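In each ligand, atom 1 is the first atom listed, and ligand 1 is the first ligand listed. Bear in mind that the values here come from a model prediction, so they are computed numbers and not experimental data. Each residue takes its place number in the sequence, starting with 1.
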Amino acid sequence: MLHFRKELWFNIPTRRAFVNITDQVSACIKESRIREGLVLVNAMHISASVFINDDESGLHHDFEVFLERLAPHEPVGAYRHNDTGEDNADAHIKRQIMGRETVVALTEGKLDLGPWEQIFYGEFDGKRRKRVLVKIIGE
Ligand code: ZN
């Protein structure tokens, strides 16, 4: 069995954003030279997510509104976690809702995604360097 590991680094200039990382994951596959197997992509931070959905700006706006309704950033004093001096309790909750990782089948050297599926990095507490792990196993 072959294996490949790579970290993708991000420094999102805003507090929250959704970034399509499908091409970067595909580049990892090419670099790995693995043709059949599984691709794991996970956020390495507890205030960021990796998930699969449509690359459609209206939907991303809807995600933002939905997440802010469930776990608004303000008032930061409403969260026990922020008693530690942090202000990112909402980001932890948003990450929990949107998920830590995704696993995609690797078939004939390509991501075996459905017709509209794209891989996204979800940032909920940005303005600093953070990373995503790509692990590929197969043959
Ligand atoms: Zn925190």
Original post:
Do the charged groups of Asp62 and Arg69 touch, with an N to O distance under 4.0 Å?
Top reply: no
Original post:
Going by the angle between their ring planes, with limits at 30° and 60°, are Phe120 and His60 parallel, tilted or perpendicular?
Top reply: perpendicular
Original post:
Do you see a donor-acceptor pair shorter than 3.5 Å between the side chains of Asp55 and Asn20?
Top reply: yes
Original post:
Between Tyr121 and Phe18, is the ring centre distance below 6.0 Å?
Top reply: no
**OP:** For the residue pair Lys94 and Ser47, confirm or rule out a side-chain donor-acceptor distance under 3.5 Å.
**Re:** no
Original post:
Are a donor atom and an acceptor atom from the side chains of Glu86 and His81 found within less than 3.5 Å of each other?
Top reply: yes
Original post:
Are there any protein N/O/S atoms under 2.8 Å from the Zn ion (ligand 1), and if so, which?
Top reply: His81 NE2, Glu86 OE1, Glu86 OE2, Asn88 OD1, His92 NE2
